[in-house]
Amino acid sequence: MSALEVSGLRKSFGGVVALDGIDVAMDLGEILGIVGPNGSGKTTLFNVISGALRPTAGRVTWLGKEISGHPPHQIARSGLVRTFQQAMSFQALSVRENVRIASEHGGRGAPSAVPPEELLSFVGLAGREEEIAGSMPFGNLRRLGLALALAARPRLLLLDEPAAGLNDGETEDLADIIVRLPRLGLGVCLIDHDMNLIASICSRLVVLDFGTKIAEGPPAGVLQDRKVMEVYLGTPA
Ligand code: ADP
Ligand code: MG
């Protein structure tokens, strides 16, 4: 059994079928990439896994227990922690205060993969404890977002487009941080549009299109897949 198992997951919004029977399994210690065009259901998948939305059908099993329909805070406390497409921090508070608040809302009993006092240096923000979050440049705000997610003591992190809006250098810096997480025993499930980022750091990819899984496997193979190329290039290979 895998740490996270999603089976037969469906989610409809009125007539829109955002997820049309998705099966995904992943283990701690791996980086799984979720890719697919806009509107293919990636964020909805995270919303259902993290408890923000109830599935229409199907289930989510985490560490051997079914969690479908559980409240988001309970799921987060069990070590399944997500980030959002927008940077999530208290803009008016200092970096230090943000980390303190995130730590207080973290998992109970789970060991911390990164000790709280090392969080800021882990994400490259050492020495910036007193800076006001809202006054930091965007790249640093993203690093802070990652520190806050880690402060919640995840065992598996769901990262929704962590590199959106970052330049190439900032994206590389972020990738360098993310690739260290599996070595600490964390699982990472990553949504992104940046194929270079995805292909360079993910051990496995799942490709969604119109709420269905059209391909799955190591990046090299998936990116050569005929259906995937059609979706991304709009032409049959
Ligand atoms: P992605 O993250 O891959 O871009 P989403 O999961 O955000 O895609 O959206 C998948 C589909 O579900 C889209 O057609 C989107 O318009 C629809 N959708 C997502 N969230 C909602 C919602 N809360 N209410 C209605 N429709 C939604
Ligand atoms: Mg999305």
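Each ligand, and each atom within it, is numbered from 1 in the order the structure gives.
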List the atom pairs, with distances to 0.1 Å, where a side-chain N or O of residues 168-175 and a protein N or O form a donor-acceptor pair under 3.5 Å, not counting sequence neighbours.
from, atom 1, to, atom 2, distance (Å)
Glu170, OE1, Asn167, N, 2.9
Thr171, OG1, Asn167, O, 2.9
Asp173, OD2, Arg143, NH2, 3.1

Could you tell me which atoms of ligand 1, counted from 1 in the order shown, lie closer than 4.0 angstrom to a heavy atom of [X]?
X     : result
Pro37 : 3 (O)
Val16 : 14 (O)
Asn38 : 4 (O)
Thr44 : 5 (P), 6 (O), 9 (O), 10 (C), 19 (C)

Polar proximity ligand 1 side, Gly39 side, N/O cut 3.5 Å exclusive: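 N/O-N/O distance under 3.5 Å: yes.
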Test of proximity, Phe13 against ligand 1: N or O pairs below 3.5 Å: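 For ligand 1, there is no N or O atom that lies under 3.5 Å from one belonging to Phe13.
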Listed partners of Arg54 passing salt bridge (charged side-chain N to carboxylate O under 4.0 Å, His left out), at least two apart: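 So Arg54 forms no salt bridge (charged side-chain N to carboxylate O under 4.0 Å, His left out) with any residue.
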Non-hydrogen atom of Ser40 closer than 4.0 Å to ligand 1: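 True for this residue.
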Backbone of Asp23 reached by a side-chain donor or acceptor of Lys213 within 3.5 Å: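 Yes, the answer is positive, given that a donor and an acceptor are paired below the 3.5 Å cut-off.
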Thr56 side-chain N/O to Ser12 backbone N/O, donor-acceptor pair under 3.5 Å: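 Yes, because the side chain of Thr56 sits within donor-acceptor range (under 3.5 Å) of the backbone of Ser12.
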Thr43 backbone or side-chain N/O/S under 2.8 Å from the Mg ion (ligand 2):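 Under 2.8 Å: Thr43 contacts the Mg ion (ligand 2) through an N, O or S atom.
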Worked verdict on Thr212 versus Ile214 for side chain to side chain contact (heavy atoms under 4.5 Å, CB included): CA-CA 6 Å; Thr212 62; Ile214 61 164; 4.0 Å; yes
Cationic N near anionic O, under 4.0 Å, Arg100 to Glu97: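 Between Glu97 and Arg100 there is no salt bridge, as every charged N stays at least 4.0 Å from the carboxylate O atoms.
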